[in-house]
Colleague: 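The structure under discussion is supplied below as structure tokens; questions concerning it will follow.
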Amino acid sequence: MSEQLMGWKRTDYCANFTIEDIGKPVTLMGWVQTRRDLGALIFIDLRDRSGLMQVVFDASKFKGDFSQVEGLRSEFVIAVQGEIVKRDDETINEKLPTGLIEVKVEALKVLSKAQTPPFEIEDGSKVRDELRLKYRYLDLRRPELQQVLMMRHQIAQVTREYLNDNGFLEIETPMLIKSTPEGARDYLVPSRVHPGAFYALPQSPQIYKQILMVSGYDKYYQITKCFRDEDLRADRQPEFTQIDMELSFVEADDVMAVNEGLIKSIFKSALDKDIETPFKRITYKEAMDRYGSDKPDTRFGLELVDVSDLVKDTDFKVFASVVAKGGSVRAINVKGAVDTFARREIDALVDFVKIYGAKGMAWISMKSEGMQSPITKFFTEDQLSALLKEVDAETGDIIFFVGDTDKIVYDSLGNLRLKLAEKLGLIEEGTYDLLWVTEFPMFEYSE
RNA sequence: GGCCUGGUAGUUCAGCUGGUUAGAACGCUAGCCUGUCACGCUAGAGGUCGAGGGUUCGAGUCCCUUCCAGGUCGCCA
């Protein structure tokens, strides 16, 4: 049965105590993370959103019914009263921020018992999404997820602080709006008072922020939900939050400067990272030509090389005809990686680029015992040496080629580039390289 | 809508060319244990192998249908 607090007040969160608090009487409340039952001595790791604290129940010191302690199980919600004590040197836990101390418990209240959870509440959980969502309230107890939501809070706060300091007004705009198509499908909400008519949910507050500018509010922002009724991706939800803003009487550089400052503040506050400003800028065209993407990851090389001119007059008809039709042939040289890619792995990469519409992919392996490639036989010696020079080929390299329309070449090599970087471990975790991509085309070909 | 991968114990997974009683780890239950922190030791419970049909002497395994999930392309700034 559950007990009431009956006047117990929590002293502080579990992980907020330090060696400064030794000797203090405290009251803690939280969830049972783990229990280690040694008989007349029972350890409980008590968890709340701050972290863990080891609490110790010693049968000879505990002032309540010890069988109640023996009955504690995972995820019981309990309150304990006791004293913060220093741990003996040999019982210090260096893995725990609170590992120098523990709570010697005198009194216990079981506030809520719990059934055995359907999965363990721990970081790095590999439980399938469906089950996690069914028991969302349990999944959200994981420290990992609590960190994520706490970081969101932090980001929202620093965003408000920064934009407020820069003269922006936070203004809400309507959620039930007239459909203003932006390209994505709108979510629709049936109207009760106008049968047969529908509201749309905003894909962005675009129209409303423009009204605000026309009306003279000058600088506006809003941390707001947006909705797009399209299929999901691992990194794309139909409902998402964006920091929306609009400024009057400014030019592109002013908008970029404000955002650089905002992003710098967010990185500092949320990750304690110092970001250099101003950010690098590259044009859309340069991004596509060098990385095959309009949102390039510039933390590693593997840049694309346009070899269209060098293959357009060769006997390799596939490449020659692609160039003749206005497409291009581009290459990625993976330096020193020839032994990383056995024939089977090359074939897997060929299949990979086919996802993006490529009909195939050619390669040249610069093995120490000689070149291997399905295409070099089509080239004259001069053509081949010019090609190898252009891609900076040396012994040990492997070079991949895709020839097609620009769109397919960019898509397939741009994605191949990311896959290669992942496979080769070229992206250092926790590093950032921010940049602006400018001069986006006003229109795109629709095919 | 297309393609790929998967669905076996509470969870994560293994289960080969079809062959006795479907396994492991963690979790769970019971007992023992006063310094554990992945506690340990002993014992134990736990399965409609997603569903339906077919092939076969025999199906978790092969075939068909279907449902569900994840990823991805299309789509989407």
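Just so it is clear, the model here is predicted, and its values are computed rather than measured. Chain letters run A, B, ... following the sequence lines, proteins first and then strands; every chain starts at 1.
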Colleague: Only pairs with both distances under 3.5 Å count, Watson-Crick or wobble alike; so what is the partner of B/C41 in this structure?
Modeller: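 B/C41 is paired, partner B/G31.
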Colleague: Of A/E122, A/R132, A/E120, which meets side-chain contact (heavy atoms from CB on, under 4.5 Å) against A/R142?
Modeller: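 Answer after filtering A/E122, A/R132, A/E120: A/R132.
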Colleague: Quick one: on RNA chain B, does A/G39 or A/L96 contact a more 5' nucleotide (nearest heavy atom)?
Modeller: A/G39
Colleague: Compare the aromatic ring of A/F43 with the six-membered base ring of B/U36 and state whether they stack according to the 5.5 Å and 30° rule.
Modeller: yes
Colleague: Quiz question: going by heavy-atom distance under 3.5 Å, is there a donor-acceptor pair between the base of B/C33 and the side chain of A/D37?
Modeller: yes
Colleague: It should be established whether A/R36 places a side-chain nitrogen or oxygen under 4.0 Å from OP1 or OP2 of nucleotide B/C39.
Modeller: yes
Colleague: Starting at CG of A/D58 and ending at P of B/C33, how long is that distance when rounded to a whole Å?
Modeller: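 Checked: the CG to P distance equals 14 Å.
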Colleague: What distance do A/Y221 atom OH and A/L247 atom CG have between them, rounded to the nearest 0.5 Å?
Modeller: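 Interatomic distance, A/Y221 OH to A/L247 CG, rounded to 0.5 Å: 13.0 Å.
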Colleague: Which nucleotide, in any strand shown, forms a Watson-Crick or G-U wobble pair with B/G58, with both distances under 3.5 Å?
Modeller: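 Base partner found: none.
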Colleague: A/F240 versus A/K225: any side-chain heavy-atom pair under 4.5 Å?
Modeller: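 A/F240 vs A/K225: side chains apart.
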Colleague: Measuring from A/W436:CH2 to A/N259:CG, what's the distance to the nearest 0.5 Å?
Modeller: 4.5 Å
Colleague: Record whether the side chain of A/E102 comes under 3.5 Å of the base of B/G35 through a donor-acceptor pair of N or O atoms.
Modeller: yes
Colleague: Take the protein atom CD of A/E75 and the nucleotide atom C1' of B/C28, then report the distance between them rounded to whole Å.
Modeller: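 Atom CD in A/E75 sits about 14 Å away from atom C1' in B/C28.
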Colleague: Can you check whether any acceptor in the base of B/G35 is under 3.5 Å from a donor in the side chain of A/K104, or vice versa?
Modeller: yes
Colleague: Working to the nearest 0.5 Å, report the span between CG of A/L302 and NZ of A/K419.
Modeller: 14.0 Å
Colleague: With a 3.5 angstrom cut-off on both distances, give the Watson-Crick or G-U wobble partner of B/C49, or none if there isn't one.
Modeller: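 Matched B/C49 with nothing under the 3.5 Å cut-off.
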Colleague: If pairing requires Watson-Crick or G-U wobble contacts with both distances under 3.5 Å, which nucleotide is the partner of B/G70?
Modeller: B/C4
Colleague: Please give, in whole Å, the distance from B/C39 C1' to A/I42 CD1?
Modeller: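 Rounded to the whole Å, the gap is 13 Å.
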Colleague: Need the pair for B/A22. Rule: Watson-Crick or G-U wobble, both distances under 3.5 Å, any strand; none if unpaired.
Modeller: none
Colleague: Just how far, in rounded Å, is C1' of B/G10 from CD of A/E120?
Modeller: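 A/E120 atom CD is separated from B/G10 atom C1' by 10 Å.
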Colleague: Heavy atoms under 4.0 Å is the rule here; annotate nucleotides 69-77 of chain B 5' to 3' with B where the base is hit, S where only the sugar-phosphate is, and - elsewhere.
Modeller: -SSSBBBBS
Colleague: Let me know, please, whether A/E90 or A/K61 comes out on the 5' side of the other along RNA chain B by nearest nucleotide.
Modeller: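 Comparing both residues, the 5'-ward one is A/K61.
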Colleague: Could you tell me if A/K273 sits above the aromatic ring of A/Y432, with its cationic atom closer than 6.0 Å to the ring centre and no more than 45 degrees from the axis?
Modeller: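 No, cation not above the ring by the 6.0 Å, 45° rule.
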Colleague: For A/K354 and B/C3, is the shortest distance between a side-chain N/O and OP1 or OP2 below 4.0 Å?
Modeller: no
Colleague: Should A/I177 and A/L201 count as side-chain neighbours, where that means a heavy-atom distance under 4.5 Å?
Modeller: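 The answer is no, as the side chains (C-beta and beyond) never meet within the 4.5 Å cut-off.
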